[in-house]
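Report on the structure given below.
All values below were derived from every heavy atom in this structure, side-chain atoms included, with hydrogens, water molecules and symmetry-related copies excluded. Numbering starts at 1 and runs along the sequence shown.
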Amino acid sequence: MSAESRPEPAIPGESGTTGRRHRAKGRRRKPRAKRRKGLLVMAWTAAGIVVLGGTGAGYLYFKLNGNLQSVDIDQALGADRPDKADNGSENILVLGSDTRSDGNGKLGGGVDDGTARSDTAMVVHVYKGHKKASVVSIPRDTLIDRPECTDTDGNEHPAADDVMFNSAYSTGGAACAVKTVETLSGLRMDHYLEVDFSGFQQLIDDLGGVEVTTTEDIKDPDSHLDLKAGTHTLDGEQALGLVRTRHGVGDGSDLGRIQLQQAFIKALVDQVKNVGVLTDPKKLYDLADTATKTVTTDSELGSVNSLVSFVGGLKGISPANMHMVTMPVIYDPADANRVLVEETKSRQVWDALKNDQAIPAAATEGTATGEADGVVSAG
């Protein structure tokens, strides 16, 4: 079954009045239990941990270097791409795969059917000077026109209209995901990072947990999460449950889950920047080993030296200097489980990043939200 035909439950708010198309009003469908949940992709932060690995003993370099996997995005996509920015900024596409292979099946609560989807996608724009960043989450349930693309094995995939955003990854892997995001945004993706369920969970455990505060109870049997309001140090399993939950808080939509993910990212970045791993050789090694096994990168970042150099330029970005938004969307009047790109406001977001400017507040006002803002914060 294709990714386009796997509906994910969502509970909509009011339909917007603008979008790329209008269709007859549809009937809300009830959510089904035990669906595959989206994974927060913290590959960017995972890559940050590799910086710590670069300070370890020299003989570890070869082992860590051998852990890394990379894909040649540039060769697959060729020259038909947006121009690289000439203002010193960079764009990184960060994806999370929900593959059920290699031990992920038990974590995901599903079965391995040989497919994977990009259940979480974020465009990280690093501004000139590398002191601040904007992060734009792209909802997986967004209906888009997917461009034709060639995957890293040289296979060609035709274009498709009105399909879910995450179908790009399941159709043609990393290269088609990058092509789709570049077509959608008009921005050149300078780098690509990806992580999966088991890697995310292990990273959190290696860190010793991440402290967060919740303003209300969160209980979701589907994601195996049960948290009372208050401050918690989440282990890997709990953290994975938090970033996967969509029914435990907010309006039950993927948009609400994105809001939880964005809050957790800030807590995680804060934790990584403050954890004392440099005085703990075992923790240092465990983090570097897990991070290099976990992350898949574009070929330019496919060595420890390259990754260390790249992420070294990101260390000056604090949580306070990370502006996180969701790509402006409206609920699809014809299908309660889908959203549509709000073209005018989305263009404001992408144009701001293209010009290395702050995203205007007006660009995200009046669009669909998940009603989970403020429920989670750094502990």
Side-chain angles (χ1 to χ4, degrees), residues 8-13 16 31 35-45 92-98 117-125 133-144 164-166 168-169 177 181 184-185 194-195 197 200 212 214-216 218 220 222-223 225 239-269 319 322-332 336-342 345-346 349-350 359 363-378:
E8 282 286 336
I11 299 176
R35 290 199 183 264
R36 293 186 173 190
K37 301 298 180 179
L39 167 69
L40 161 68
V41 185
M42 254 330 285
W44 184 38
T45 300
I92 306 108
L93 177 60
V94 183
L95 290 185
S97 165
D98 73 345
R117 284 159 297 281
S118 54
D119 269 12
T120 300
M122 297 180 291
V123 173
V124 180
H125 177 82
S134 285
V135 181
V136 183
S137 296
I138 303 176
R140 55 157 291 162
D141 295 337
T142 308
L143 292 179
I144 61 161
M164 283 172 59
F165 167 78
N166 69 343
Y169 182 88
V181 171
L184 185 66
S185 67
E194 177 189 332
V195 76
F197 280 162
F200 172 83
V212 301
T214 61
T215 59
E216 59 185 80
I218 304 176
D220 185 355
D222 288 344
S223 65
L225 185 67
L240 183 60
L242 177 64
V243 302
R244 289 168 56 220
T245 188
R246 67 190 295 165
H247 303 307
V249 69
D251 67 1
S253 72
D254 186 52
L255 299 177
R257 177 167 58 189
I258 286 173
Q259 291 175 317
L260 297 179
Q261 292 171 353
Q262 291 172 343
F264 186 82
I265 287 170
K266 290 195 172 185
L268 179 54
V269 171
M322 293 174 61
H323 181 210
M324 310 192 77
V325 302
T326 299
M327 182 182 72
V329 294
I330 59 173
Y331 292 105
D332 183 357
N337 302 316
R338 300 289 178 262
V339 293
L340 307 175
V341 178
E342 211 292 0
K345 291 179 179 292
S346 290
V349 171
W350 302 127
I359 296 173
T364 55
E365 292 176 352
T367 56
T369 66
E371 301 178 16
D373 189 29
V375 174
V376 173
S377 61

Considering all heavy atoms of both residues, which atom of A177 and which atom of A168 are nearest to each other, and what is their separation?
CA-CB, 4.1 Å

Measure from the side-chain N and O atoms of E194 to the backbone N and O of L95, and report whether any donor-acceptor pair falls under 3.5 Å.
no

With A378 via side chain to side chain contact (heavy atoms under 4.5 Å, CB included) - residues at least two apart:
A267

Rounded to the nearest 0.5 Å, the CG atom of L340 sits from the CD1 atom of I144 at a distance of 12.0 Å

Side chains of V376 and V249: closer than 4.5 Å at any heavy-atom pair?
no

With sequence neighbours excluded, tell me which residues meet side chain to side chain donor-acceptor pair (under 3.5 Å) with S185.
none

Rounded to the nearest 0.5 Å, what separates atom CD in E342 from atom CE in M327?
10.5 Å

Closest non-hydrogen contact found for H247 with G252 is ND1-O, 3.8 Å

Would V136 and I359 satisfy side chain to side chain contact (heavy atoms under 4.5 Å, CB included), going step by step from the backbone distance to the final call?
CA-CA 10 Å; V136 183; I359 296 173; 4.0 Å; yes

Looking at side-chain heavy atoms only, is the closest gap between L255 and T369 below 4.5 Å?
no

Donor on one side chain, acceptor on other, Q262 and S137, under 3.5 Å
yes

Donor-acceptor check, side chain of Q259 to backbone of G374, threshold 3.5 angstrom: yes or no?
no

So NE2 of H125 and NE2 of H323: to nearest 0.5 Å the spacing works out to 12.5 Å

Could you give the distance from OG1 (T326) to CD1 (I258), rounded to the nearest 0.5 Å?
4.5 Å

Where is the tightest heavy-atom contact between S253 and G370, given as atom of each residue plus distance?
OG-CA, 3.8 Å

Partners passing side chain to side chain donor-acceptor pair (under 3.5 Å) against S346 (at least two apart in sequence or in another chain)
none

Could you tell me which residues satisfy side chain to side chain contact (heavy atoms under 4.5 Å, CB included) with A239, sequence neighbours excluded, listed by chain and number?
F200, I204, L234, F264

Can you tell if the side chain of M164 reaches within under 4.5 Å of the side chain of L143, non-hydrogen atoms only?
yes

Is there a side-chain contact between I265 and M122, using heavy atoms and a 4.5 Å cut-off?
yes

With heavy-atom distances below 4.5 Å as the criterion, would you say the side chains of V341 and L184 are in contact?
yes

Please list, chain by chain and in numerical order, all residues satisfying side chain to side chain contact (heavy atoms under 4.5 Å, CB included) with K266, sequence neighbours excluded.
P319, M322, M324

Is a salt bridge present between R257 and D141, judged by a nitrogen-to-oxygen distance below 4.0 Å?
no

I need the minimum non-hydrogen distance between G256 and A372, along with the two atoms involved.
O-CB, 3.6 Å

Applying the side chain to side chain contact (heavy atoms under 4.5 Å, CB included) test to P139, which of N166, V329, T120 qualifies?
V329

Rounded to the nearest 0.5 Å, what's the gap from OG1 on T367 to OH on Y331? Could you check?
9.5 Å

As an exercise, state the distance from OH of Y169 to CG of L93, rounded to the nearest 0.5 Å.
10.5 Å

